[in-house]
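For clarity, every value in this text was computed on a predicted model and none was experimentally measured. The chain is numbered in sequence order, starting from 1.
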Amino acid sequence: MKILAVADIHGAQYRLNLVLQNIATYSPDLVVICGDITQFGPGALARNFLNQIPIRTLAVPGNIDSFDVDQGIAASKATNLHQKQVTIDKIPFVGIGREIPSNLSTLPIEDRTVKKPLKTLLNKESVLVTHYPPFKLQDRIFIGTHGGSKELRSLIDASKPRLVLCAHIHEDPGVTIEGDTTVVNCSMGKRTEGTLVEITNTIKVSILD
């Protein structure tokens, strides 16, 4: 599976145009958006942006997205992955948008028609899609400190998903391999156009700039 992972569009049509250009160039199977589709909304803008994307899309809201963005995602052609698990080509995608809650490991995640605690769903085959990055993994801000989530880092260390797609920290796009987990910050907020991720028996990551 080839994934175009992007985030931090912040309501800018020119950034969405880069997404559309990279879809045409690289022919991904799936687009994953790791939040901050808009700049404080509205939901109608999120719907408009997502409906411009011509291939299957999974999205979670970010901390800057207003709460009506959830409705905008739901009304679009995209799938709102926030607090849900969706399996595509036998790959389970699990989404946690907005801020990382303190009860992360027990957070109920919708899997088909039932809800299960997040820690019981995540495994070595999972792709975890978040807005915030995990602590000390692609989370360095401009003053040199770390802005990632410690709760998310603890969950990843325990569950060891194969891939984490995140964003939020515009200054630190890129990839880090931590044990069996590949962590990708796919932010478009500064100098990159997102990330191309190819999943086979291994994971290949290309930063688009």
Side-chain angles (χ1 to χ4, degrees), residues 1-9 19 28-38 46 49-50 53 55-65 69-70 72-74 76-101 104-105 107-112 115-135 137-139 148-149 151-153 155-156 159-169 172-176 178 181-189 194-199 203 205:
M1 177 185 291
K2 187 187 296 184
I3 301 168
L4 177 60
V6 299
D8 302 317
I9 298 171
V19 175
D29 304 299
L30 179 71
V31 170
V32 175
I33 302 179
C34 297
D36 284 356
I37 304 164
T38 70
F49 272 23
L50 293 168
I53 298 174
I55 65 172
R56 187 166 188 179
T57 301
L58 303 177
V60 298
N63 65 306
I64 297 297
D65 289 315
V69 167
D70 292 80
I73 299 172
S76 76
K77 296 185 295 183
T79 297
N80 189 344
L81 193 63
H82 181 48
Q83 296 187 17
K84 294 178 183 175
Q85 175 170 273
V86 174
T87 300
I88 302 174
D89 293 342
K90 299 182 179 180
I91 299 174
F93 291 80
V94 180
I96 304 294
R98 305 192 186 282
E99 294 86 355
I100 301 296
L104 180 62
S105 63
L107 191 71
I109 301 297
E110 183 180 321
D111 180 28
R112 298 184 180 89
K115 291 187 176 182
K116 302 175 183 177
L118 177 57
K119 65 181 179 181
T120 68
L121 282 176
L122 281 184
N123 57 54
K124 64 181 182 179
E125 300 301 323
S126 300
V127 176
L128 180 60
V129 178
T130 65
H131 180 59
Y132 277 74
F135 185 63
L137 297 174
Q138 297 301 142
D139 73 330
S149 164
E151 291 86 355
L152 180 58
R153 177 63 186 269
L155 179 69
I156 290 168
S159 301
K160 298 176 173 57
R162 69 189 307 189
L163 177 64
V164 177
L165 300 175
C166 60
H168 180 62
I169 305 298
D172 203 12
V175 56
T176 297
E178 179 70 15
T181 301
T182 300
V183 178
V184 176
N185 180 331
C186 61
S187 176
M188 301 177 72
T195 306
L196 200 65
V197 181
E198 296 181 67
I199 303 176
I203 294 177
V205 178

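One distance of note links CD of Q85 with CG of L121; it measures 4.5 Å at 0.5 Å rounding. How far CZ of F49 is from CD1 of I37: 10.0 Å, rounded to the nearest 0.5 Å. A distance of 10.0 Å separates OG in S105 from CG in L122, rounded to the nearest 0.5 Å. Atom CG in L50 sits 6.0 Å away from atom CD1 in I73 (nearest 0.5 Å). The distance from atom CD1 of I88 to atom CD1 of I199, rounded to the nearest 0.5 Å, is 10.0 Å. Atoms CE and CG, from M1 and L30 in turn, are 6.0 Å apart once rounded to the nearest 0.5 Å.
Applying the side chain to side chain donor-acceptor pair (under 3.5 Å) rule to S149 yields the partners E151; only residues at least two apart in sequence or on another chain are considered. D172 meets the salt bridge (Lys or Arg N to Asp or Glu O under 4.0 Å) test with no other residue; sequence neighbours excluded. Residues meeting the side-chain contact (heavy atoms from CB on, under 4.5 Å) test with K2, sequence neighbours left out: P28, D29, L196, E198. Checked against salt bridge (Lys or Arg N to Asp or Glu O under 4.0 Å), E99 has no partners two or more places apart in sequence or in another chain. Under the rule for a side chain to side chain donor-acceptor pair (under 3.5 Å), H82 has no partner lying at least two apart in sequence or in another chain. Every side-chain contact (heavy atoms from CB on, under 4.5 Å) that T182 has, sequence neighbours left out, goes to L163, V175, I177, V184, I203, V205. Scored by the salt bridge (Lys or Arg N to Asp or Glu O under 4.0 Å) test, R153 finds D157, E178 as partners (sequence neighbours excluded). The side-chain contact (heavy atoms from CB on, under 4.5 Å) test applied to P101 returns I96, N103, L104, L107, not counting sequence neighbours. For the side chain to side chain donor-acceptor pair (under 3.5 Å) test, residues two or more places apart in sequence or in another chain that qualify with S187 are D8. Residues satisfying the side chain to side chain donor-acceptor pair (under 3.5 Å) test with K116, not counting sequence neighbours, are D111.
R98 is listed as a side-chain neighbour of D70, based on a closest heavy-atom distance under 4.5 Å. Using a 4.5 Å heavy-atom threshold, the side chains of N80 and P61 count as touching. Taking the side chain as every heavy atom from C-beta outward, M188 and V19 approach each other to under 4.5 Å. Here the side chains of C166 and C34 are not in contact, with every heavy-atom distance at 4.5 Å or above. For the pair P161/V127, no side-chain contact is recorded, criterion being any heavy-atom separation below 4.5 Å from C-beta on.
For residues 55-64, the set of pairs meeting the side-chain hydrogen bond (donor to acceptor under 3.5 Å, both in side chains) definition, not counting sequence neighbours, comprises N63-H131, N63-H168. For residues 86-97, no pair satisfies salt bridge (Lys or Arg N to Asp or Glu O under 4.0 Å), with sequence neighbours left out.
Looking at V164, I169, L165 one by one, the single match for side-chain contact (heavy atoms from CB on, under 4.5 Å) with P133 turns out to be I169.
Residue K77 places its NZ atom among more than 12 non-hydrogen atoms of other residues, nucleotides or ligands, all under 6.0 Å distant.
Using a distance-only test at 3.5 Å, with no hydrogens or angles considered, a donor-acceptor pair links the side chain of T130 to the main chain of Y132. Side-chain N or O atoms of S159 include none that pairs as donor or acceptor with a backbone N or O of I156 at under 3.5 Å. The backbone N or O of D36 lies less than 3.5 Å from a partner atom in the side chain of D65, making a donor-acceptor pair. With hydrogens and angles ignored, the 3.5 Å screen pairs a side-chain donor or acceptor of N185 with a backbone N or O of Q138.
Between D139 and G148, the shortest heavy-atom contact is OD2-N, 2.8 Å.
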Run the side chain to side chain contact (heavy atoms under 4.5 Å, CB included) test on T87 and F93 for me, step by step, so that the C-alpha distance in whole Å, both residues' side-chain angles and the decisive distance to 0.1 Å come before the verdict.
CA-CA 6 Å; T87 300; F93 291 80; over 6 Å; no
Step-by-step side chain to side chain contact (heavy atoms under 4.5 Å, CB included) determination, I91 to E125:
CA-CA 7 Å; I91 299 174; E125 300 301 323; over 6 Å; no
Could you walk me through whether I33 and I53 pass the side chain to side chain contact (heavy atoms under 4.5 Å, CB included) check?
CA-CA 11 Å; I33 302 179; I53 298 174; 3.9 Å; yes
